[in-house]
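Everything on this sheet refers to the single structure shown next.
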Number of protein chains: 2
Amino acid sequence: MANIQQVAMQAGVSVATVSRVLNKQKSVAANTRIKVEEAIKQLNYEPSLLGRSLRTSESRILLVLIPKISNPFYLDIIQGIETSALDHGYNILLCETDSKPERENIYFDLVKKKMADGIISMDPTVNIDTLIKMAENHAIIQCSEYSNDSGIPYVTIDNEQAAYRAVKHLIMIGHQKIALVNTDEKFLYANQRKKGYISALNEYNIPIRDEYILYTRELGFENGQQAIRNILRLENQPTAVFAVSDMLAIGALKELSSNGVHVPNDMAVVGFDKIDFSNMTNPTLTTVAQPMREMGEIAATKLIAKIKGEKVESVILNHELVIRESTSG
Amino acid sequence: MANIQQVAMQAGVSVATVSRVLNKQKSVAANTRIKVEEAIKQLNYEPSLLGRSLRTSESRILLVLIPKISNPFYLDIIQGIETSALDHGYNILLCETDSKPERENIYFDLVKKKMADGIISMDPTVNIDTLIKMAENHAIIQCSEYSNDSGIPYVTIDNEQAAYRAVKHLIMIGHQKIALVNTDEKFLYANQRKKGYISALNEYNIPIRDEYILYTRELGFENGQQAIRNILRLENQPTAVFAVSDMLAIGALKELSSNGVHVPNDMAVVGFDKIDFSNMTNPTLTTVAQPMREMGEIAATKLIAKIKGEKVESVILNHELVIRESTSG
DNA sequence: TTGAAAGCGCTAACAA
DNA sequence: TTGTTAGCGCTTTCAA
């Protein structure tokens with residue numbers, strides 16, 4: 001509970017000298033440094049970040065905005081962010097927005113009010129106008145989900161290309177009737193993945209059938225089940241399903257098995273994201289892996305660069321198609 | 001980017017008056033207030049939390065320590081904490097310790113250094129000595145997992161009683177050979193749940209068999225699978241399994257089904273925690289529900305009371321046994 | 001190498 | 001009802 005004054009007094013030096021010791025400046029005589037360090041130990045002194053932040057106008061805290069902490073998709077990205085942030089002497093604050101603007105605003109305020117230095121936004125439902133306005137005066141990076149014309153730097157993968165490759169894989173193993181389980185196209189990734197789906201079909205002159213393109217309200221397990229129920233009701237059933245998220249695909253697997261439809265023999269399934277759980281299902285799930293950790297690390301590095309006033313560019317990283325049991329009997 | 005000075009100048013009043021408006025004090029004339037509010041709007045002013053916190057020596061930020069954000073167990077508790085915290089004008093900072101002391105210390109430091117006002121610890125692996133030392137000078141509450149003799153207030157359920165009821169349920173539906181899939185007893189809950197298991201068996205004069213008590217290193221899906229593999233190797237196999245965590249129980253379900261063991265006919269299974277996923281399995285899982293949200297809300301309320309210097313007592317909340325398909329054909 | 005002093009943005013005690 | 005002013009704990013410029 002001591003402050004810098006008391007330490008200075010105890011050590012018989014000025015507060016400036018104590019500050020120099022704290023900040024590891026070299027212009028301090030060896031024995032002065034020792035005196036100060038002893039005083040710090042004796043008084044159990046911890047420098048206040050508030051005083052320091054107020055003075056230096058940087059808090060060294062980063063905000064990470066995610067819609068739901070329960071979404072396993074974000075895990076590795078967050079790990080990446082955290083690693084990189086700690087390396088640079090920053091702490092991260094995990095902010096669950098629950099996709100609610102009120103929540104979002106609380107966290108934006110934390111930055112406006114100087115309690116945090118910048119934001120990595122991973123919320124696809126974020127209010128992009130608010131974000132753009134924030135970005136005028138504050139450091140912001142978008143990670144995974146982004147908006148192209150916002151001028152806000154982002155780190156992401158090429159969703160269209162990834163979806164294209166996933167669907168092409170299905171075509172190459174002999175499928176022609178391929179369903180797409182997508183979500184609301186207001187999300188850029190949904191839009192892009194659909195484009196990839198379409199361009200793969202086009203390339204092989206496979207007609208696009210509207211009834212094979214389904215939309216779910218959310219990306220949950222139940223939504224995947226529901227989608228399969230609808231697919232199984234079709235007269236002319238597809239032989240493969242590409243779901244834009246692993247949770248959807250896993251719901252699909254469960255519903256297919258409940259209905260006695262064998263995967264992959266009767267129906268092949270591809271997911272997206274390579275969440276941990278995608279390897280625990282029966283059969284295991286073919287899916288698209290994004291370089292999560294790397295994405296997080298880069299996002300954090302870029303944010304910190306931005307905070308320091310550097311010019312920052314967007315990045316598009318490579319993905320990888322992980323072929324497992326759900327497409328290879 | 002404006003500060004309180006500039007607002008005062010713009011409004012033609014003193015900084016004190018601006019501060020009064022900001023803090024909604026009533027001793028401000030209506031038209032003065034209006035002048036100030038206009039100036040705030042014009043300058044796009046946001047009061048700095050750093051200045052305020054430094055002055056009031058409170059940051060209104062709470063730290064929530066959890067080992068893994070991927071563990072669904074914590075979800076609702078966090079929701080509860082968050083709700084209650086926001087109601088009281090506090091923000092929460094989610095801290096993933098990964099059960100590593102270095103990580104823990106970073107977050108403890110944040111409190112020592114005044115960047116946060118208190119801690120809710122939910123990490124069973126937390127270094128209890130460090131925590132006790134911290135608690136001497138700082139506000140700390142333990143939630144769910146706790147240490148009895150630390151003097152640190154906690155919010156939890158009666159684990160022994162809950163386990164007792166789960167096992168008694170198995171006995172009541174006719175089981176005598178009941179296995180316990182436990183984890184390291186250095187965790188208080190593991191110790192207590194085993195006690196409950198034993199006392200239920202004792203009450204019905206069922207002998208305790210060492211070979212029916214298994215320990216897993218962690219609480220993951222694979223650990224549950226592994227445990228079942230061991231159980232299925234026993235000569236005299238049990239007819240029921242009580243796992244101290246849903247993830248273990250879900251792993252057990254999967255492994256049993258892979259081995260053609262029907263649940264609940266050949267083997268009944270009970271879990272613990274009622275995570276969302278426990279309702280998505282086939283069959284759905286009988287489990288013990290803790291009042292998660294409530295636990296979180298109470299923990300936050302108590303922490304805030306503690307921060308305000310009030311005396312705070314520990315609480316033990318009620319649990320509930322949720323009977324589903326895995327114990328009722 | 002060290003110290004004195006100003007000031008980051010705010011609140012609150014005291015005075016008017 | 002409003003203003004003046006000290007000071008929260010720190011960093012940093014300037015001077016010695």
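Since we're looking at a predicted model, the values are computed, not measured. In what follows, chains are A, B, ... by sequence order, proteins preceding strands, each numbered from 1.
Checking A:G51 against B:N31, the closest nucleotide of DNA chain D that is more toward the 5' end is the one next to B:N31. In terms of position on DNA chain D, the residue among B:G12 and A:L49 whose nearest nucleotide sits closer to the 5' end is B:G12.
Between the CZ atom of A:R60 and the C1' atom of D:dT11 there is a distance of 14 Å, rounded to whole Å. The distance from atom CD of B:E58 to atom C1' of D:dG9 is 17 Å, rounded to the nearest whole Å. For the pair B:K26 NZ and D:dT2 P, the interatomic distance rounds to 15 Å; values are reported in whole Å. Distance, B:R20 CZ to D:dT4 P: 11 Å, rounded to whole Å. Atom NZ in A:K24 sits about 16 Å away from atom C1' in D:dT11, given to the nearest Å. Between B:Q5 atom CD and C:dT11 atom C1' there is a gap of 13 Å when expressed in whole angstrom units. Regarding A:R33, its CZ atom lies at a distance of 10 Å from the P atom of C:dT1, rounded to whole Å. Taking atom CG on A:L50 and atom P on C:dG7, their separation rounds to 22 Å, with Å as the unit.
Looking at heavy-atom distances under 4.0 Å, B:V15 makes contact with a base.
If you check distances only, the side chain of A:R55 never reaches the base of C:dG9 with a donor-acceptor pair under 3.5 Å.
Note on A:R52: a side-chain N or O is less than 4.0 Å away from OP1 or OP2 of D:dT11. The phosphate of C:dG3 (OP1 or OP2) has a side-chain N or O of A:T17 nearer than 4.0 angstrom. For A:N23 and D:dT11, the shortest distance from a side-chain N or O to OP1 or OP2 is below 4.0 Å. Between A:T56 and D:dC10 there is no side-chain N or O to OP1 or OP2 distance below 4.0 Å. Between B:S14 and D:dG3 there is a side-chain polar atom (N or O) within less than 4.0 angstrom of OP1 or OP2.
Taking 4.5 Å as the limit, some side-chain heavy atom of B:Y45 sits within range of a side-chain heavy atom of B:L22. You'll find the side chain of B:K68 stays beyond 4.5 Å of the side chain of B:Y74, heavy atoms only.
Checked options B:C143, B:C95, B:S99; the residue passing with B:D123 is B:S99 (criterion: side-chain contact (heavy atoms from CB on, under 4.5 Å)).
A donor-acceptor pair under 3.5 Å is absent between the side-chain atoms of B:S84 and the main chain of B:G80, judged by distance alone. For the pair B:R33 (side chain) and B:V21 (backbone), a donor-acceptor distance under 3.5 Å is absent. With hydrogens and angles ignored, the 3.5 Å screen pairs a side-chain donor or acceptor of A:D117 with a backbone N or O of A:S59.
Of the candidates D:dC10, C:dG3, C:dT2, the closest approach to any side-chain atom of A:T32 belongs to C:dT2. Here the side chain of B:A16 is nearest to one of D:dT2, D:dT4, D:dC10, namely D:dT4. Residue A:V28 places its side chain closer to C:dT2 than to any other of D:dG9, C:dT2, D:dT2. In this structure, of C:dG9, D:dT11, C:dC10, it is C:dC10 that holds the atom nearest to the side chain of B:I4. The side chain of B:S48 lies closest to C:dC10 when the candidates are C:dC8, D:dG3, C:dC10.
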